[in-house]
Amino acid sequence: MTVGEELENELKKRDISQADICKRADIIPSLLSNVLNGKRRIDVKTAIKLEVFYIKTANHWLGKQLEEDIKQAKIKDGRF
């Protein structure tokens, strides 16, 4: 499961809309949309903003992103 897929599941589980979390956590809507759609990596600032709303820890999101980055690098390098 990608970072975006997991984040989308967490928002659904908590019944929080993208617009609401963007407004409450001061996240640019296009940034969140791109993370959810796998078009952008989650960054430290966004991970910390999500943590404030108890949507897992910043360390969780950044670790998940690192796992995804490593997997993609291995695929690109023919090792996966």
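Atom set for the values below is all heavy atoms of this structure, side chains included, hydrogens, waters and symmetry mates excluded.
- Checked by atom type and distance alone, the side chain of E8 never pairs as donor or acceptor with a backbone atom of L36 at under 3.5 Å.
- For the pair H60/E6, a side-chain contact is recorded, criterion being any heavy-atom separation below 4.5 Å from C-beta on.
- Hydrophobic clustering, with ILVMFWY side chains joined whenever heavy atoms are under 4.5 angstrom apart, keeps I70 apart from V3.
- Counting heavy atoms from C-beta outward, P29 and Q18 have side chains that stay 4.5 Å or more apart.
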Are I75 and Q72 close enough, and set up right, to give a side chain to side chain contact (heavy atoms under 4.5 Å, CB included), and what steps lead you there? CA-CA 5 Å; I75 289 170; Q72 291 303 315; 4.1 Å; yes

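- Using a 4.5 Å heavy-atom threshold, the side chains of R41 and V35 count as separate.
- Ionic pairing of K13 and E10 is present here: one or more N-O contacts between side-chain nitrogen and carboxylate oxygen are shorter than 4.0 angstrom.
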Can you list the steps and then say if L62 with D43 is a side chain to side chain contact (heavy atoms under 4.5 Å, CB included)? CA-CA 7 Å; L62 296 172; D43 60 17; over 6 Å; no

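- At least one side-chain heavy atom of D26 sits less than 4.5 Å from a side-chain heavy atom of K49.
- Between T2 and L7, the closest side-chain pair of non-hydrogen atoms is not below 4.5 Å.
- Between the D77 side chain and the A73 main chain, no donor and acceptor come within less than 3.5 Å of each other.
- Annotation: D15, atom CG; neighbour count of heavy atoms from other residues, nucleotides and ligands within 6.0 Å does not exceed 12.
- No side-chain heavy atom of L11 sits less than 4.5 Å from a side-chain heavy atom of D20.
- Of the options L50, T46, V44, a side chain to side chain contact (heavy atoms under 4.5 Å, CB included) to I48 is made by V44 and by none of the others.
- Atoms CG and SG, from L32 and C22 in turn, are 4.5 Å apart once rounded to the nearest 0.5 Å.
- Applying the side chain to side chain contact (heavy atoms under 4.5 Å, CB included) rule to N9 yields the partners M1; only residues at least two apart in sequence or on another chain are considered.
- Partners of K39 by side-chain hydrogen bond (donor to acceptor under 3.5 Å, both in side chains), not counting sequence neighbours: none found.
- Using a 4.5 Å cut-off between side-chain heavy atoms of Ile, Leu, Val, Met, Phe, Trp and Tyr, with links allowed through other members, I42 and L66 fall into different hydrophobic clusters.
- Put simply, NZ on K74 and NZ on K76 are 16.0 Å apart, with the number rounded to the nearest 0.5 Å.
- Rounding to the nearest 0.5 Å gives a distance of 15.0 Å between NZ of K64 and CG of N59.
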